[in-house]
Amino acid sequence: MAIRLSTRLLNVCIASLCKASRLDKAEAVLVDGIRMGSLPDVVTYNTLIFAYCRYVGIDEAYSILYRMREAGIKADVVTYNSLIAGATKYCLPSRSLDLFEEMLQTGVSPDELTYNTLMHCMFTSGYPDDAYKVFQEMIEKNVRPSIITYNTLINGLCKSGNAINALKLFRNLQRLGFSAELVTYNTLINGLCKSRRLGAARKILRELGDSGYVPDAITYTTVMKCCFRSGKFTQGLEVFSGMMSRGYTSDVFSYCTVISALVKLGRMGEAYTCAQQMLSNGSGLDIACYNTLIYMYSTEGKLDKALQLLKEIEESSLESDVYTHSIIVNGFCKMGCIDVAHQQLHAMEVKGCGSNLVACNSLIDGLCKVGDVDSAIKLFNSMDLKDSFTYASLLHGLCKVGKFHMASKIMITCLREGINVLSSAQRAVLAGLRRMRFGKDAKKLRTSIWKARYHMPP
DNA sequence: TTAGGGTTAG
């Protein structure tokens with residue numbers, strides 16, 4: 001005999017299946033439930049929309065929204081909040097704004113979560129001014145912000161290069177009636193570290209110590225990374241051992257940070273030991289962990305091991321990303337295997353990772369190093385997007401084969417485009433011109449470098 | 001709904 005589930009029980013079943021990311025099964029339960037006379041409600045559909053945004057994609061989540069409407073159920077604030085968060089996750093700021101407009105038009109009032117999510121979306125999409133407008137609208141509409149609102153603002157300000165205002169806001173929290181949380185401290189310490197305000201970061205770290213909060217794995221990783229970034233490797237490794245001795249031994253972010261630093265230092269033995277620890281103690285190994293391991297093997301020239309890991313990724317539920325392929329392309333370039341690197345770059349494009357700037361830069365460098373500067377120039381000319389690494393690699397390659405005038409011309413173009421030319425590349429071109437007794441051209445180039453440095457017209 | 005990690009030059 002078929003049993004008709006109550007709506008509440010139907011929702012419990014669907015929620016537990018969604019939580020386990022078994023969406024096909026959740027859908028089947030919904031279809032069977034309806035067939036047997038159960039009545040899904042707004043909670044049923046919201047649960048599915050949330051899960052589709054999280055595990056599948058925004059378009060699939062929209063299809064649930066349409067089915068919900070067909071069933072005569074009106075979307076509520078929870079529905080829109082999930083969809084806006086989904087659009088944020090997939091970097092679709094205009095979709096977020098459209099959803100926000102739609103909810104206003106259909107008479108659904110945004111709540112604190114709506115504004116926080118929309119603000120976060122605007123910051124992560126590179127529109128800090130719009131994010132601030134969202135915050136102002138939130139205040140105007142009398143929606144009370146929470147500490148999460150302020151954490152989002154502090155984070156967004158830091159990430160958009162405005163750490164000083166983030167610090168000011170942090171100092172104003174008490175006046176606004178809020179106390180900083182561990183998230184607030186971690187966010188600000190990270191922002192200050194990344195904007196190289198190490199003195200201020202140290203001060204906030206001390207304040208965190210006095211606050212009663214206990215630094216967590218995120219605090220340690222943030223500080224450790226900051227040490228590595230500023231070349232303080234011993235200090236960074238001390239932070240790591242301090243973290244381990246306090247029992248934070250399963251955090252994969254910290255392992256990735258330290259393995260990568262050890263590889264860069266050439267301390268491969270320690271890197272392998274740490275990798276082993278990550279594999280045995282780390283919980284929730286993700287694509288970044290695999291990329292770190294691939295980086296470790298590639299740097300040592302163990303490309304067979306790297307490719308074996310790539311195969312493991314492809315056979316698992318994980319998906320390789322631009323980092324994975326760029327690391328492998330770079331590994332082959334370093335070994336002088338340019339043809340294989342080319343094949344990898346092609347495979348990357350076929351897979352939909354797109355042509356990647358880092359991989360192309362590696363290939364330019366690799367081509368120059370094996371003496372094929374002409375192919376490097378060809379690749380350089382075919383690239384729409386270039387950065388200081390692109391220019392540095394090509395300029396060094398051109399200098400190596402004595403093409404100083406071409407290097408000089410390219411460097412002037414680069415400076416005019418506002419891209420920073422690394423000082424090593426500048427020195428190589430200038431020294432080459434002088435050595436070949438092209439003193440006048442060297443002087444001209446020097447003037448262009450000065451004008452670019454002091455933002456003068458060319 | 002907010003915080004940390006993974007790739008390229010010399």
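A:Lys378 and A:Ser382 share no donor-acceptor pair across their side chains, judged by distance under 3.5 Å alone.
Counting only distance, with no hydrogens or angles, the side chain of A:Ser298 and the backbone of A:Tyr295 share no donor-acceptor pair below 3.5 Å.
Counting non-hydrogen atoms under 4.0 angstrom, A:Lys264 reaches the backbone sugars and phosphates but no base. At a threshold of 4.0 angstrom between heavy atoms, the contacts of A:Phe240 with the nucleic acid are absent. When heavy atoms are screened at a 4.0 angstrom cut-off, A:Val258 is found touching no nucleic acid atom at all. Residue-level contact check: A:Ile287 touches the bases, meaning some heavy atom is under 4.0 Å from a base atom. In this structure, A:Cys333 reaches neither bases nor backbone, as no heavy-atom distance under 4.0 Å exists between it and the strands shown. Residue contacts shown for A:Tyr295 are limited to sugar-phosphate atoms, with no base heavy atom under 4.0 Å away. Among the heavy atoms of the strands lying under 4.0 Å from A:Asp216 is at least one base atom, whether or not backbone atoms are also near. Contacts of A:Ala425 with the nucleic acid, taken as non-hydrogen atoms under 4.0 Å apart, are absent. Among the protein residues, A:Lys400 comes within range of no part of the nucleic acid, since none of its heavy atoms lies under 4.0 Å from any strand.
Ring geometry for A:Tyr297 versus A:Tyr272: interplanar angle of 30 to 60°, hence tilted.
A donor-acceptor contact under 3.5 angstrom links the side-chain atoms of A:Asp286 to the base of B:dG5. If you check distances only, the side chain of A:Thr152 never reaches the base of B:dT2 with a donor-acceptor pair under 3.5 Å. A:Thr222 contributes no side-chain N or O that forms a donor-acceptor pair with the base of B:dG4 under 3.5 Å. In the interface, the side chain of A:Asp251 is not paired with the base of B:dG5 through any donor and acceptor atom under 3.5 Å apart.
By the criterion of a centre-to-centre distance under 5.5 Å and near-parallel planes under 30°, the ring of A:Phe389 forms no stack with the base of B:dA9.
Each of A:Asn186, A:Asn190, A:Thr187 was evaluated against A:Ile218; a single residue qualifies, A:Asn186, per the side chain to side chain contact (heavy atoms under 4.5 Å, CB included) test.
OP1 and OP2 of B:dA3 both lie 4.0 Å or more from every side-chain N or O belonging to A:Lys194. Listed pair A:Lys225 / B:dA3 fails the phosphate criterion, with no side-chain N or O lying under 4.0 Å from OP1 or OP2.
With sequence neighbours left out, the ring pair (Phe, Tyr, Trp, His ring centres under 6.0 Å) criterion links A:Tyr220 to A:Tyr248.
When rounded to the nearest whole Å, the span between CD of A:Glu181 and C1' of B:dG4 equals 17 Å.
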